[in-house]
Amino acid sequence: MRKYLQQCRSLVHLTALIPCLSVPVLYAREAYQEARMQMVDEIQDMVRDTSEYLGKDSLSERVMQAIAKVHRHEFVPETLRPAAYENRPLPIGEEQTISQPYIVALMTDLADIQPDARVLEVGTGSGYQAAILAELALHVYTIEIIEPLGERARTTLARLGYENVSVRVGDGYHGWAEHAPFDAILVTAAPEQVPQPLIDQLKPGGKLIIPVGSPYRTQSLKVLEKHADGSIHTRDVLPVGFVPLTGDH
Ligand code: SAM
């Protein structure tokens, strides 16, 4: 607080053109920026710690740049903003969570998003993962089953200027056939089996990143790759813990 007051006073002395009210905003921005860079370092450490699972000890530079750029604090409830850059999931209401930043970075890296990619995300939640994808892809289609979350994510993404994200409220088990096929599909809630519609909506050469397993138990994060002849190659990457994929399917 003292540091803030000192900054505030010196800025007021420097120029009367900057209203003092803008200083907390500037100060918070700086603090968030510092916390975000620390989060990036922690993700990199965790990637190294899990390198035996991942088969590598760093993620793509493009992905890490997107993580360093997107303001995670804009996607969490206001009371949790001080914790926004901790490398852990946080509650976002409706008994749902924004995923751990390490997992967001890892899933994005596994999806290998190219600048011309059209990507589907199932499980919009806060919209944070969609924003990361939107930094890398041509267009992101994201589906959320809980209406208030979907609506809030749509508002947040629009406020932050993400014009290349379309949000829909519905059951993502069925994918989004009107916009298929997709270069990549990320599922951020765990079904017990891989949904067939998502495999069908993947382009040849495309990747589906999905946690699979029983609700509230350890699941396996899988990468399914569709080959040109339509065959699917699956590999298990890492044990993970996601909320279940819900819906009537
Ligand atoms: N990607 C999100 C983010 O960046 O905040 C975090 C997602 S949270 C771990 C999982 C989300 O999947 C929840 O918001 C949940 O409501 C949603 N979900 C669960 N089942 C779903 C389904 N069948 N279709 C669409 N969304 C679903």
Side-chain angles (χ1 to χ4, degrees), residues 47 50-63 66 99 102-125 129-130 132-145 164-166 168 170-215 217-249:
V47 168
T50 51
S51 59
E52 276 189 30
Y53 288 102
L54 312 184
K56 57 183 178 183
D57 57 13
S58 64
L59 303 183
S60 113
E61 195 57 37
R62 283 184 78 226
V63 170
S99 302
Y102 159 77
I103 288 290
V104 173
L106 174 60
M107 290 179 76
T108 311
D109 181 85
L110 291 168
D112 193 17
I113 311 287
Q114 300 303 310
D116 61 351
R118 292 149 38 80
V119 181
L120 174 69
E121 181 198 19
V122 174
T124 315
Q129 171 79 78
I132 297 287
L133 294 169
E135 292 288 340
L136 302 168
L138 183 64
H139 202 97
V140 178
Y141 299 88
T142 180
I143 310 177
E144 171 55 53
I145 203 165
N164 61 338
V165 183
S166 306
R168 171 167 137 182
D171 185 348
Y173 178 93
H174 305 288
W176 197 333
E178 299 91 310
H179 297 291
F182 300 100
D183 296 283
I185 302 179
L186 281 82
V187 184
T188 65
E192 296 201 45
Q193 314 267 332
V194 180
Q196 187 60 42
L198 300 185
I199 297 177
D200 296 342
Q201 291 177 24
L202 200 56
K203 256 189 206 169
K207 287 183 179 161
L208 167 58
I209 319 300
I210 182 166
V212 180
S214 303
R217 313 193 83 147
T218 302
Q219 304 118 15
S220 179
L221 183 63
K222 292 177 184 284
V223 178
L224 282 77
E225 193 167 354
K226 191 183 260 188
H227 292 204
D229 64 1
S231 63
I232 302 292
H233 173 263
T234 305
R235 80 182 160 104
D236 290 84
V237 179
L238 191 73
V240 287
F242 276 82
V243 294
L245 190 81
T246 58
D248 291 337
H249 45 266

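Reckoned from all heavy atoms, side chains included, excluding hydrogens, waters and symmetry mates. Note that the structure is a prediction, hence the values are computed from the model and not measured. Residue indices begin at 1 and follow the sequence shown.
Here the closest non-hydrogen pair linking Val140 and Ala130 is CG2-O, 4.1 Å. For Pro204 against Ala228, the heavy-atom pair with the smallest separation is CB-CA, 3.9 Å. Pairing each heavy atom of Ala137 with each of Ala117, the nearest pair is CB-O, 3.5 Å. Of all heavy-atom pairs between Trp176 and Phe182, the closest is O-CZ, 3.5 Å.
A donor-acceptor pair under 3.5 Å is absent between the side-chain atoms of Thr218 and the main chain of Val240, judged by distance alone. Glu135 places no side-chain N or O within 3.5 Å of a backbone atom of Ala66 that could act as its donor or acceptor partner. Between the side chain of Asp57 and the backbone N or O of Ser51 there is no donor-acceptor pair closer than 3.5 Å. Between the side chain of Gln219 and the backbone N or O of Phe242, at least one donor-acceptor pair lies under 3.5 Å. Between the side chain of Gln201 and the main chain of His174, a donor-acceptor pair closer than 3.5 Å is present. At least one donor-acceptor pair closer than 3.5 Å links the side chain of Ser60 to the backbone N or O of Val63. In this structure, the side chain of Thr124 engages the main chain of Ile143 through a donor-acceptor pair within 3.5 Å. Lys222 contributes no side-chain N or O that, together with a main-chain N or O of Arg235, makes up a donor-acceptor pair within less than 3.5 Å. Distance alone, capped at 3.5 Å, is enough to place a donor-acceptor pair between the Thr108 side chain and the Val104 backbone.
Other residues, nucleotides and ligands place more than 12 heavy atoms under 6.0 Å from the CG atom of Asp229.
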For this session: Assess whether side chain to side chain contact (heavy atoms under 4.5 Å, CB included) is satisfied between Ser220 and Val212, documenting all intermediate values.
Result: CA-CA 5 Å; Ser220 179; Val212 180; 5.6 Å; no

For this session: Would you check, one step at a time, whether the test side chain to side chain contact (heavy atoms under 4.5 Å, CB included) holds for Leu202 with Leu198?
Result: CA-CA 6 Å; Leu202 200 56; Leu198 300 185; over 6 Å; no

For this session: List the steps, then state whether side chain to side chain contact (heavy atoms under 4.5 Å, CB included) holds for Val119 with His139.
Result: CA-CA 6 Å; Val119 181; His139 202 97; over 6 Å; no

For this session: Begin with the C-alpha distance, continue with both residues' side-chain angles, and end with the deciding distance and a verdict on side chain to side chain contact (heavy atoms under 4.5 Å, CB included) for Arg62 and Leu136.
Result: CA-CA 8 Å; Arg62 283 184 78 226; Leu136 302 168; 3.8 Å; yes

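Residues Leu208 and Ile199 are in side-chain contact: their nearest non-hydrogen atoms beyond the backbone lie under 4.5 Å apart. Residues Ile232 and His227 have side chains not in contact (no heavy-atom distance under 4.5 Å, counting atoms from C-beta outward). The closest side-chain heavy-atom distance from Tyr102 to Thr50 is below 4.5 Å. A 4.5 Å side-chain heavy-atom check between Asp236 and Leu221 finds every atom pair outside the cut-off. Leu238 places a side-chain heavy atom less than 4.5 Å from the side chain of Leu106. At least one side-chain heavy atom of Glu192 sits less than 4.5 Å from a side-chain heavy atom of Pro215. Glu121 is listed as a side-chain neighbour of Thr188, based on a closest heavy-atom distance under 4.5 Å. Counting heavy atoms from C-beta outward, Ile210 and Pro191 have side chains that approach closer than 4.5 Å.
Ion pairing between Arg168 and Glu178 holds under the 4.0 Å rule for side-chain N and carboxylate O. The pair Arg118-Asp183 does not count as a salt bridge, with every side-chain nitrogen at least 4.0 angstrom from each carboxylate oxygen.
For the atom pair CD of Gln114 and CG of Leu138, the computed distance is 12.0 Å after rounding to the nearest 0.5 Å. Taken to the nearest 0.5 Å, the CD1 atom of Ile145 stands 4.0 Å off from the OG1 atom of Thr246.
Between the side chains of Thr142 and Gln129, no donor-acceptor pair of N or O atoms lies under 3.5 Å.
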